[in-house]
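Report on one structure; see the data block that follows.
Below, chain A is the first sequence line, B the second, and so on; all start at residue 1.
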2 protein chains.
Amino acid sequence: MNVSRVDFAELTPQPIAYLGQAAYLQLAIFETLTRAVATAPTTEAKEALSRAAGLSLVKHQALSAEIAKKGKDSGEVMAPYAERIDSYTRVTAGADWYETLVTSYVTSGMLDDFYRSLASGLPADIAARVAGIFSGADGHDLIVGELRNAIAANPRLASRLAMWGRRLVGDTLLIARSALSEQSRPDEARLEPVFTELIAAHTRRMDALGLTA
Amino acid sequence: MNVSRVDFAELTPQPIAYLGQAAYLQLAIFETLTRAVATAPTTEAKEALSRAAGLSLVKHQALSAEIAKKGKDSGEVMAPYAERIDSYTRVTAGADWYETLVTSYVTSGMLDDFYRSLASGLPADIAARVAGIFSGADGHDLIVGELRNAIAANPRLASRLAMWGRRLVGDTLLIARSALSEQSRPDEARLEPVFTELIAAHTRRMDALGLTA
């Protein structure tokens, strides 16, 4: 994501707040993927999604390790964000396996982009390492493969999933916005280019499914 | 587990059948743990259980890798066992978070013991490696910690969870039995010492929770 137009340093919250929110969000993405594992229609799909879930868990654990390096307990540091993120997870759960897959793909894509960009505002000792966590393997190829097969087998899925993808954007932008430092929130104009970039990347992701964003 | 009295070589199914069942069972144990992650009452518990779930996933992936080394697709190899194991997972799901935790602990304990013992009957080139997979970290210390805290905070849980632990044994022995090679199944007398060992280890596991087996 090209973020040269925005100074993320001013938007990034304090490191512990950043890490706590980011770690809990990865746990939430992991949970959504495990729901997709549990309801997968074939053992092949179950296998592929369990690998994708494992990659989210790796990110969560890497972020938790950063919290531990700061001498904090990750459970405690994540706790203040749990209620809001749990409610986001419920709202974006999806009505069936296909919607849940789209949720995993769309929300983890947008949120990983967002947190990777915000990482540039972290102190130098952790900024590169944290950006690296969000650049790790994401399992999206596995999810895209499953969704493309499903849409090919049942073309009527396309319009429903395109609609669902659009619905996810609003809730995901809200959760991203709520992660920014308190001071920068009122300044909507400064946030505009960030969100424009996030939506452009979202459009490319929907394209990869053969769906209109 | 002391298995010197039984010749496991004769009980072990063909390597591909063994690996397919074992890999799918680890995926099932992972699923049960992810249900416990999703319903965990605190972020600390969620964090601990996600680590335990990750360890099951590591075992699953190591078994899948063994299947791939044999030139087979793990999804296909697991498929014949999915229905029976899914039904086992449903029956042992548990009514709430505490029962689900006991399920993860009790069933993964018994099944890991069982598959580790059976591994001695596999061809020499994979036997040690597969036994090593089942000797890997199991996250039981994390689960035992959560359950002991819960029982201390609410002593009435103890009898309900002790009862649930007993119920799990029968279904788990059945699923273990169904994994044995067809030829050895009729010979119940030969299986008796295997199951006696499994139950003895189960009793030690319930002791660790402060519960009567």
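The CG atom of A:L161 sits 8.0 Å away from atom CG of A:L209, with the distance rounded to the nearest 0.5 Å. A distance of 4.5 Å separates CG in B:L147 from CG in B:L101, rounded to the nearest 0.5 Å.
Residue pairs meeting the salt bridge (charged side-chain N to carboxylate O under 4.0 Å, His left out) criterion with at least one partner in residues 12-28 of chain B, sequence neighbours excluded, do not occur; the list is empty.
Interface check for chain A: of the options B:A82, B:G75, B:A28, B:A79, the most heavy-atom pairs under 4.5 Å are formed by B:G75.
Listed by chain and number, the residues in a side chain to side chain contact (heavy atoms under 4.5 Å, CB included) with A:L174 amount to none (sequence neighbours excluded). With sequence neighbours excluded, the residues satisfying side chain to side chain contact (heavy atoms under 4.5 Å, CB included) with B:A158 are B:I151, B:L211.
Heavy atoms only, all atoms of each residue included: B:A62 and B:I133 are closest at CB-CD1, 3.6 Å.
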Are there donor-acceptor pairs under 3.5 Å across chain A and chain B? List atom names and distances.
{"residue": "A:E31", "atom": "OE2", "partner": "B:K46", "partner atom": "NZ", "Å": "2.6"}
{"residue": "A:T43", "atom": "OG1", "partner": "B:G75", "partner atom": "O", "Å": "2.6"}
{"residue": "A:E44", "atom": "OE2", "partner": "B:E76", "partner atom": "N", "Å": "3.4"}
{"residue": "A:K46", "atom": "NZ", "partner": "B:E31", "partner atom": "OE2", "Å": "2.6"}
{"residue": "A:E47", "atom": "OE1", "partner": "B:H60", "partner atom": "NE2", "Å": "2.7"}
{"residue": "A:E47", "atom": "OE1", "partner": "B:S64", "partner atom": "OG", "Å": "3.4"}
{"residue": "A:E47", "atom": "OE2", "partner": "B:S64", "partner atom": "OG", "Å": "3.0"}
{"residue": "A:E47", "atom": "OE2", "partner": "B:S74", "partner atom": "OG", "Å": "2.9"}
{"residue": "A:H60", "atom": "NE2", "partner": "B:E47", "partner atom": "OE1", "Å": "2.7"}
{"residue": "A:S64", "atom": "OG", "partner": "B:E47", "partner atom": "OE1", "Å": "3.4"}
{"residue": "A:S64", "atom": "OG", "partner": "B:E47", "partner atom": "OE2", "Å": "3.0"}
{"residue": "A:S74", "atom": "OG", "partner": "B:E47", "partner atom": "OE2", "Å": "2.8"}
{"residue": "A:G75", "atom": "O", "partner": "B:T43", "partner atom": "OG1", "Å": "2.6"}
{"residue": "A:E76", "atom": "N", "partner": "B:E44", "partner atom": "OE2", "Å": "3.3"}

